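Structure first, then comments.
Here, residue 1 is the first one in the sequence, and each next residue gets the next number. Just follow the structure's listing: the first ligand is 1, and inside any ligand the first atom is 1. Just so it is clear, the model here is predicted, and its values are computed rather than measured.
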Amino acid sequence: MKILVVGGGGREHAIIKSLKKNASVETVYALPGNGGIAADAECFPVKATDIEGILRFAAEHPVDFAVVAPDDPLVLGCVNKLEAMGIPCFGPHAEAAVIEGSKVFSKQLMKKYGIPTADSETFDDAEAAVAYLKTAEYPAVIKADGLALGKGVIIAQDFAEAERAVREIMCDKVFGSSGNRILVEEFLTGPEVSVLSFTDGKTIVPMVSSMDHKRAMDGDKGLNTGGMGTVAPNPYYTDAVARECMERIFRPTVSAMNAEGRPFKGCLYFGLMLTPKGPKVIEYNCRFGDPETQVVLPLLESDLLTIMQAVHDGTLSPDMVRFKKGAACCVVLASEGYPQKYETGYPITMPALSSGEEIFVAGAKREDGVLKTSGGRVLGAVATAKTLKEAVRGAYSLAGKISFANAYMRTDIGKRALACLGED
Ligand code: AMP
Ligand code: GLY
């Protein structure tokens, strides 16, 4: 089979490596892929947001199945259009991807169908939002409605910060039209859990849970990033919590999307907070998480392509999705200065991999046969092991053998999870 994967980060590298475990996969095309992915797929310089370019590529190449991984092409209807050409896809149609594409939509969905989430108010007028924020409780959470490269959430400690955020989002349009509407949300507390799930619109099968580390610096300090590391499973997500989430959040979300005439097929990502009042939804994503995928897929025992085809065909069943017992850890190596200013173009040296080790490349290009840094998050060093403690040790040991000039990583990925297990 020839498979097209849209996207070019560490998540896509992990997806491609998993797909290739299926012997029927002869070729993977990656649009655009990256210098590291080029070792595993044929990469073509078509941006994931260039829907016309993707369609042209698909018309000119024999593609048996396509996986659209990032949020933007999903929200832009890439799957609708590829399927209209007769190419079966993994990923939601635009009508369902709106669950991530509009936070106002997803909040209204949760309110209408009684799915637990933070209380909130919606505004399409900056002055009304500012007036409301004068008497709001702090911290208050301000969210731009649309996609904002993971930067559209501001936790304001006081009115001055909140007002600044509203003016930047709604008046200065720092996130473009994504800031035409905002949500002002109640500040919740508790451990965060990411749960990725497969759903064909009828059956929903959660994958192993994970924990992201979004802040740039140790101790969860510094700016929010795309994710500096992950562990799986997330020890806060006990079997009892999992059962509660299935009953009160996962199944109700799938039913709600059907009731709205927007059946969701693909990977539905639940960003949850385990609050003192029970698990609540912080966000939905219409796709695999990055870097959650880098720890979840190495633990998948079943065949990814078979699951993805079943999701497309509407024949998904829970027994198709099995995970290994152990744990995984991903430590992201970034360019010093990320997520703000950083330099790229430095040669990367990587060791030979032992069993249980993986390197998923995110921001690198190949120049004159040399792999060089080209982005903020450069790669993820991943280890799987029987226990979380060994996985964390393994990921750091692997990360220590990778080098490029201005490499930066957090030194405490997994620390909180190990503390939860009493193993720190
Ligand atoms: P998001 O981009 O929606 O994932 O939000 C980014 C981060 O903001 C989340 O991972 C949370 O840590 C935090 N956050 C979002 N909403 C809330 C909330 N209502 N209360 C507390 N923290 C939140
Ligand atoms: N790691 C968070 C996300 O993929 O949105």
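Residues K103 and E283 meet the side-chain proximity criterion, which asks for heavy atoms closer than 4.5 Å. T122 is not listed as a side-chain neighbour of K107, based on a closest heavy-atom distance of 4.5 Å or more.
Classified by interplanar angle (parallel below 30°, tilted 30° to 60°, perpendicular above 60°), the ring pair F270/F250 is tilted. Note on ring orientation: taking the six-membered ring where Trp is involved, the planes of Y29 and F57 are perpendicular (angle over 60°, cut-offs 30° and 60°). Relative ring orientation between F360 and H13 is described as perpendicular, the plane-to-plane angle rising above 60° on a 0-90° scale split at 30° and 60°.
In this model, no donor atom of one side chain and acceptor atom of the other lie less than 3.5 Å apart for Q309 and T306. Side chain to side chain, E292 and T230 fail the donor-acceptor criterion of an N or O pair below 3.5 Å. A side-chain donor-acceptor contact under 3.5 Å links S102 and D145.
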Anything under 3.5 Å between an N or O on ligand 1 and a protein N or O? List each pair with its distance, or write none.
from	atom 1	to	atom 2	distance (Å)
ligand 1	3 (O)	E283	OE1	3.4
ligand 1	4 (O)	K214	NZ	3.2
ligand 1	4 (O)	E283	OE1	3.2
ligand 1	4 (O)	E283	OE2	2.8
ligand 1	10 (O)	E192	OE1	2.7
ligand 1	10 (O)	K214	NZ	2.9
ligand 1	12 (O)	E192	OE1	3.4
ligand 1	12 (O)	E192	OE2	2.4
ligand 1	16 (N)	K143	NZ	3.0
ligand 1	19 (N)	E185	OE2	2.8
ligand 1	19 (N)	E186	O	2.9
ligand 1	20 (N)	L188	N	2.8

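Ligand 2 has no nitrogen or oxygen under 3.5 angstrom from a nitrogen or oxygen of E283. For the pair K214 and ligand 2, the shortest N or O to N or O distance does not fall below 3.5 Å.
Taking every non-hydrogen atom of D212 and a distance limit under 4.0 Å, the qualifying atoms of ligand 2 come out as 1 (N), 2 (C). Atoms of ligand 2 found under 4.0 Å from any heavy atom of R287 (numbered from 1 in listed order, with element): 3 (C), 4 (O), 5 (O). Atoms of ligand 2 lying under 4.0 Å from at least one heavy atom of G289, given by number and element, are 4 (O). Residue E292 has at least one heavy-atom neighbour below 4.0 Å for each of these atoms of ligand 2: 1 (N), 2 (C), 4 (O). Counting the atoms of ligand 2 from 1 in the order shown, those under 4.0 Å from a heavy atom of G226 are 1 (N).
At least one heavy atom of Y269 sits less than 4.0 Å from an atom of ligand 2.
A search for side chain to side chain donor-acceptor pair (under 3.5 Å) contacts involving K47 returns nothing, not counting sequence neighbours.
Residue contacts with ligand 2 for N285 involve side-chain atoms from C-beta outward but no N, CA, C or O (heavy atoms, distance under 4.0 Å).
For the pair N80 (side chain) and L74 (backbone), a donor-acceptor distance under 3.5 Å is absent.
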